[in-house]
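Following: one structure in structure tokens, then a few remarks.
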Amino acid sequence: MNSGVGWLRAVRLATLFLSLALGLGLIIGYPAEAVAITAVALLGYSLYQLRRLHHWLQHPEEETPDAMGVWGGVFDRMHAVQRENREAQGRLRSSVSYLRDSLGSMRDAAIMVDRDGFIQWSNKAAERLLGLRYPQDGGQALLNLVRMPDFKRYFLGGDFSSPAVVHPEAGEERQFEVEISRFGDGDRLVFVRDVTARARLEQTRRDFVANVSHELRTPLTVIMGYLSTILSQSDELSPRFTKALQQMDQQASRMEALLKDLLWLSRIESVRQDPLEERVNMCGLLEELRDEIHSSHPERKLVLELATKQLVNGDYRQLHSAASNLVQNALKYSAPDGAVTITWQESDGQPVLTVKDEGIGIDNVHLPRLTERFYRVDDSRSTATGGTGLGLAIVKHVVASHDAELSIHSQFGRGSAFSIRFPRAESPVTAASAGNSGL
Ligand code: ADP
């Protein structure tokens with residue numbers, strides 16, 4: 001019923017009753033009393049219906065009261081609203097249980113945690129992987145029940161932009177990958193999956209590459225030894241042979257460099273990601289690198305600019321190899337008289353290493369794939385420069401294991417700049433890394 005029309009009818013009816021009462025009252029000589037009695041009766045009727053409504057709202061399971069006029073309309077509307085609510089609730093309940101069923105059937109552990117870190121819900125896999133039982137453990141603090149230090153660090157760190165790999169216990173082979181996403185009012189959905197098999201496979205691949213590289217080194221050393229002995233007596237050989245032997249020697253040296261890079265790459269890949277505790281004095285490291293390059297390429301122009309004394313939490317050998325690869329590339333891919341500048345400076349409070357050259361540059365289409373193993377912009381040029389194709393892959397690994405960021409700016413034909421932005425070293429340090437000239 002249209003509520004506006006219902007109200008009008010009710011007002012009209014009340015007016016009619018009151019007018020009738022007034023008419024009757026005039027006839028019998030008591031108009032005011034008759035109107036008053038009728039008004040009280042109308043009020044009583046309304047109060048009675050209000051009481052019925054109140055009672056029914058408190059006991060919605062009881063039958064909807066029947067009434068005439070506007071009160072009938074009110075009861076019908078309330079009944080319809082209640083039914084719609086019940087239906088909406090039912091639909092919501094079934095989607096929630098559908099969602100829970102789908103999360104529950106996952107092989108990965110799924111845990112819902114509120115903004116204060118208390119468990120709201122967890123699936124069956126969470127019991128198998130983490131020992132969490134639902135509903136028994138509902139409402140408990142997640143970190144009280146999952147005590148893996150790596151997990152705790154990631155959970156409290158708040159940066160969930162990429163998943164974390166955690167080890168349930170120190171020295172244990174098992175590995176879990178944890179992903180956390182935020183939803184609602186600071187609530188979090190935690191996914192944990194067992195990636196031990198995948199990690200084992202990766203390790204097997206790394207071991208294989210490392211073993212093959214290692215095994216190939218011995219025969220190669222023997223071949224190179226003989227080649228250099230024969231070449232040292234090249235006066236006795238015909239020029240044709242000498243040229244062939246020189247090429248063999250050149251290729252053997254390339255192969256040696258390749259094996260060295262492969263071995264180094266598999267070593268830095270398999271080092272477990274422990275917090276980097278060594279504080280590396282980058283100024284000393286870069287000075288050492290500059291001196292090394294000076295002695296091997298005295299003719300090249302190498303500029304070192306040290307604008308900050310910031311240290312880096314990291315591994316000295318890895319950092320040296322990354323910086324060295326960048327500088328070697330800058331030299332390789334520039335004209336012999338092109339300058340190479342190494343800068344160590346602070347930007348937005350973070351230390352940044354930049355290696356800049358005025359060389360051939362790189363077309364932007366190559367930049368996204370540049371750090372892949374064996375990716376080369378131009379095969380013939382790289383072969384001519386003697387590159388292994390692993391230099392930037394090594395740099396990428398070192399950058400990742402130091403929580404740093406690599407950025408490459410290059411213009412074809414005008415030069416390149418490779419920058420590594422490191423996180424700030426955690427605390428000011430007294431002892432710099434060994435083997436460096438102090439500042
Ligand atoms: P490579 O041993 O071939 O130098 P890298 O992984 O070090 O392998 O580099 C990959 C490719 O990136 C190189 O082949 C080269 O084409 C390009 N490159 C790297 N550094 C520079 C640079 N400073 N200037 C121009 N091109 C570069």
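Atoms within each ligand, like the ligands themselves, are counted from 1 in listed order.
Looking at ligand 1, you'll find an N or O of Tyr333 within less than 3.5 Å of one of its N or O atoms. Considering both main-chain and side-chain atoms, Gly389 comes within under 3.5 Å of ligand 1 through a nitrogen or oxygen pair.
In summary, the aromatic rings of Phe151 and Phe176 are positioned with their centroids too far apart to meet the 6.0 Å limit.
The contact set between ligand 1 and Gly391, taken as ligand atoms under 4.0 Å from a residue heavy atom, comprises 5 (P), 6 (O), 7 (O). Interface of Arg376 with ligand 1, defined as ligand atoms under 4.0 Å from a residue heavy atom, comprises 3 (O), 14 (O). Near Tyr375, meaning under 4.0 Å from any of its heavy atoms, are these atoms of ligand 1: 10 (C), 11 (C). Taking every non-hydrogen atom of Lys332 and a distance limit under 4.0 Å, the qualifying atoms of ligand 1 come out as 1 (P), 2 (O), 4 (O). Ligand 1 places these atoms under 4.0 Å from at least one heavy atom of Ile362: 25 (C), 26 (N), 27 (C).
Counting only heavy atoms from C-beta outward, the side chains of Leu262 and Leu390 approach each other to under 4.5 Å. Put simply, the side chain of Thr354 does not reach to within 4.5 Å of the side chain of Ile342, judged on heavy atoms. Under the 4.5 Å side-chain criterion, counting only non-hydrogen atoms from C-beta, Pro351 is not in contact with Glu346. No side-chain heavy atom of Leu201 sits under 4.5 Å from any side-chain heavy atom of Arg205.
Within the 4.0 Å heavy-atom criterion, the part of Asp357 lying near ligand 1 is the side chain and not the backbone.
Using a 4.0 Å cutoff on heavy atoms, Phe418 counts as a contact of ligand 1. For the pair Ser416 and ligand 1, a heavy-atom separation below 4.0 Å is found.
Using a 30° and 60° split on the angle between ring planes, Phe160 and Phe155 fall in the tilted class, from 30° to 60°. Using cut-offs of 30° and 60° for the angle between ring planes, the Trp56 and Phe75 rings count as perpendicular.
If you check each of Leu331, Leu370, Thr388 against atom 12 (O) of ligand 1, the one with the closest non-hydrogen atom is Leu370.
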